[in-house]
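What follows is one structure encoded as structure tokens, with my remarks underneath.
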Amino acid sequence: MLQVSFLRQNRDLAKKKLAIKHFAQPDLVDTVIDLDDERKQLQASFDETQAKVNSASKEIGAMMAKGDKEKAEATKTAVGEWKKQLEPLKEKMAQVEIDLQNALVQFPNLPHDLVPLGKSPEENVLVREGGVLPKLPADAEAHWDLIKKYNLVDFETGAKITGSGFPLYIGKGAKFQRALVQYFLDFNTAAGYTEYLPPFMVNAASAFATGQLPDKEGQMYHATEDDFYLIPTAEVPVTNIFRDVVLKETDLPLQMTAYSPCFRREAGSFGKEVRGLNRVHQFEKVEIIQIVHPDKSDEVLNEMVAHVEKLLVSLGLPYRILRLCGGDMGFASAITYDFEVYSAAQERWLEVSSVSNFESYQTYRMKCRFKDAAGKIQFAHSLNGSSLALPRIFAAIVENYQTEVGIALPKALQPYFGTENLI
RNA sequence: AGAGAGGUGUCCGAGUGGUUUAAGGAGCACGCUUGGAAAGCGUGUAUACGGCAACGUAUCGGGGGUUCGAAUCCCUUCCUCUCUUCCA
């Protein structure tokens with residue numbers, strides 16, 4: 001969430017940056033400032049009247065103690081008048097605050113200066129590429145055929161149990177998931193991240209804090225009986241650990257990693273892009289999250305990008321890193337790098353990680369602050385990234401490591417899986 | 001799921017309608033004291049909003065209500081503990 005004080009001081013800059021994100025209503029900036037002016041004015045007169053009520057009430061107490069009943073009754077009448085004035089003020093103030101809040105949450109985060117202009121994924125900027133394309137056998141198959149052939153994943157039975165997009169992993173397929181999760185977590189904790197295993201459902205306050213509500217309401221599964229949401233990413237519960245918390249400056253940076261299943265309704269998805277494991281409603285992911293000093297977040301973002309890159313290199317997959325353009329970025333992000341691996345059999349790039357700096361957008365929303373050396377309270381910056389999302393890594397490894405006789409494994413995974421080859 | 005007891009500041013803890021302007025203790029910070037430390041003494045020690053400031057307003061788990069006045073009374077909700085029940 002953007003801060004009114006920032007919008008007030010940087011009215012034109014904010015509008016310019018919102019345009020990069022293709023935000024449709026720049027005038028909302030003015031609306032918000034007007035509403036905030038109105039709120040201030042209302043609060044000033046409310047406080048003034050309330051102060052009179054408070055001190056008169058205290059006097060009544062003193063009069064009663066002295067037994068001066070008559071005077072007390074007279075003061076009560078006067079207080080009654082003030083309280084009548086308070087009622088409409090209170091209502092108006094509550095309404096203005098709701099309007100202000102409703103307007104504020106509509107703003108996406110402002111893009112970082114490095115964010116390229118552009119509207120669609122084609123305008124993302126290639127930062128670098130790495131890895132080598134595999135030499136596949138002549139009759140190379142896509143992963144949806146391979147997993148059927150080797151009985152690694154059963155989509156049909158998953159669909160029977162739940163619905164489409166809920167894969168059932170079997171035998172070596174299931175074990176491979178476990179090996180990947182374990183490898184990713186070990187890789188992250190070795191780099192200094194603390195491992196968490198969070199709740200897989202969150203309440204509305206948590207979903208709001210990280211920006212899933214109200215923006216992505218329809219994208220989450222909602223358990224209405226208890227009003228809980230199934231998490232779309234571990235980012236939601238883990239970042240919320242620090243909701244309504246004032247940290248010490250020395251606590252920073254906080255580095256967390258967590259495995260979780262992720263649940264996404266993916267309403268409106270269709271076509272070839274969603275085949276097999278390319279897009280599913282439930283998938284596994286290991287996430288990295290950091291809460292850092294605002295001066296450090298640019299630097300930390302680069303570190304996190306380098307960290308994920310190292311992990312991809314260890315898997316021997318051809319990859320590229322893209323800096324997303326303003327139109328392709330997420331709502332809450334200030335700058336995002338996407339990682340894609342090349343699936344040789346599908347002949348297309350698959351997004352496997354997205355690393356973002358949210359700056360103070362999430363931390364302001366959830367009141368995650370720290371006390372600096374001077375004793376001043378500041379909002380921290382939050383960042384997160386996938387390290388990594390499993391299904392497309394699964395797909396890419398199965399496709400890129402296929403041989404005439406089976407499926408090989410990257411060296412790094414062999415000790416985790418227990419054998420040299422997957423099949 | 002049923003019954004009961006609770007939720008107060010960084011922590012412990014007092015407080016059942018009116019100098020509570022949240023007692024007292026601990027911790028922490030600073031100062032005095034000391035050769036240095038400890039003890040002792042003194043001062044300070046939440047957040048948000050408004051205000052140049054003085055200061056004002058709000059917050060005793062959350063929300064609502066009663067009252068001139070609520071940490072205190074009422075309703076509601078969340079959470080914790082104990083017992084019963086159930087369960088991996």
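To find a chain, count down the sequence lines: A is the first, B the second, and so on, and within it residues start at 1.
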Using the rule side-chain contact (heavy atoms from CB on, under 4.5 Å), only one of Leu152(A), Val405(A), Thr403(A) pairs with Ile423(A); which is it?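 It is Leu152(A); the other options fail the test.
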
Base, sugar-phosphate, or nothing for Lys248(A), non-hydrogen atoms under 4.0 angstrom?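 No contact.
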
What is the distance from [atom1] of [X] to [atom2] of [N], rounded to the nearest Å?
X	N	atom1	atom2	value
Lys58(A)	U67(B)	NZ	C1'	16 Å
Glu59(A)	U19(B)	CD	P	14 Å
Asp244(A)	C78(B)	CG	C1'	14 Å
Lys90(A)	C49(B)	NZ	C1'	16 Å
Tyr364(A)	U47(B)	OH	C1'	14 Å
Lys367(A)	A48(B)	NZ	P	10 Å
Lys371(A)	A29(B)	NZ	C1'	11 Å

Span that lies between the C1' atom of U8(B) and that of A14(B), in whole angstrom: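 Going atom to atom, C1' in each nucleotide, I get 10 Å.
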
C1'-based separation of C41(B) from U33(B) [nearest Å]: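 That atom pair is separated by 8 Å.
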
Does NZ or CZ of Lys90(A) fall inside the cone over Phe46(A)'s six-membered ring, less than 6.0 Å from its centre and within 45° of the axis?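 Relative to the ring axis of Phe46(A), which defines the angle, Lys90(A) lies outside at least one limit.
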
Answer yes when Arg39(A) and Asp99(A) have at least one side-chain N-carboxylate O distance shorter than 4.0 Å, and no when they do not.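 Here Arg39(A) does not pair with Asp99(A) in a salt bridge, since their nearest N and O are not under 4.0 Å apart.
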
Tell me whether [X] contacts the main-chain N or O of [Y] through its side chain, where contact means a donor paired with an acceptor under 3.5 Å.
X	Y	answer
Asn109(A)	Ala332(A)	yes
Asn124(A)	Pro121(A)	yes
Arg265(A)	Gly218(A)	yes
Gln177(A)	Ala174(A)	no

Under a 3.5 Å cut-off for both contacts, is [N] paired Watson-Crick or G-U wobble with anything, and if yes, with which nucleotide?
N	value
C11(B)	G25(B)
U33(B)	none
U67(B)	none
U20(B)	none
C83(B)	G2(B)
A88(B)	none
A38(B)	none
A53(B)	none

Name the residue closer to the 5' end of RNA chain B, choosing between Asp36(A) and Val246(A) according to the nucleotide with the nearest heavy atom.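 Nearest nucleotide further toward 5': that of Val246(A).
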
Of Lys76(A) and Ala62(A), whose closest RNA chain B nucleotide lies nearer the 5' terminus?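 Looking at the nearest nucleotide for each, Ala62(A) comes out on the 5' side.
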
Check RNA chain B against residues 79-86 of chain A and give the residues with a non-hydrogen atom under 4.0 Å, in numerical order.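 Heavy-atom cutoff 4.0 Å gives Val79(A), Lys83(A).
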
What is the ring orientation for Phe331(A) with Tyr361(A), classed by angle as parallel under 30°, tilted 30 to 60°, or perpendicular over 60°?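 Geometry flag for Tyr361(A) against Phe331(A): perpendicular rings.
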
Under the side-chain hydrogen bond (donor to acceptor under 3.5 Å, both in side chains) criterion, do Tyr193(A) and Gln290(A) qualify, and how do the steps go? CA-CA 9 Å; Tyr193(A) 290 87; Gln290(A) 295 211 36; 3.0 Å; yes

Test salt bridge (Lys or Arg N to Asp or Glu O under 4.0 Å) on Lys92(A) and Glu38(A) and set out the steps. CA-CA 10 Å; Lys92(A) 187 88 181 109; Glu38(A) 194 181 351; 3.3 Å; yes

Would you mind telling me which of G18(B), A48(B), G51(B) lies closest to the side-chain atoms of Arg369(A)?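 Closest nucleotide among those given: A48(B).
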
Can you tell which of C68(B), A48(B), G50(B) lies closest to the side chain of Arg39(A)?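 Shortest atom-to-atom distance from the side chain points to G50(B).
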
What pairs of nitrogen or oxygen atoms, one from the protein and one from nucleotides 54-63 of chain B, lie under 3.5 Å apart?
residue, atom, partner, partner atom, Å
G56(B), N2, Asp47(A), OD2, 2.9
U57(B), OP1, Asn54(A), ND2, 3.2
U57(B), O2', Asp47(A), OD1, 3.2
A58(B), OP2, Asn54(A), ND2, 3.4

Mind checking what makes ring pair (Phe, Tyr, Trp, His ring centres under 6.0 Å) contact with Phe370(A), not counting sequence neighbours?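 Expected list: His293(A).
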
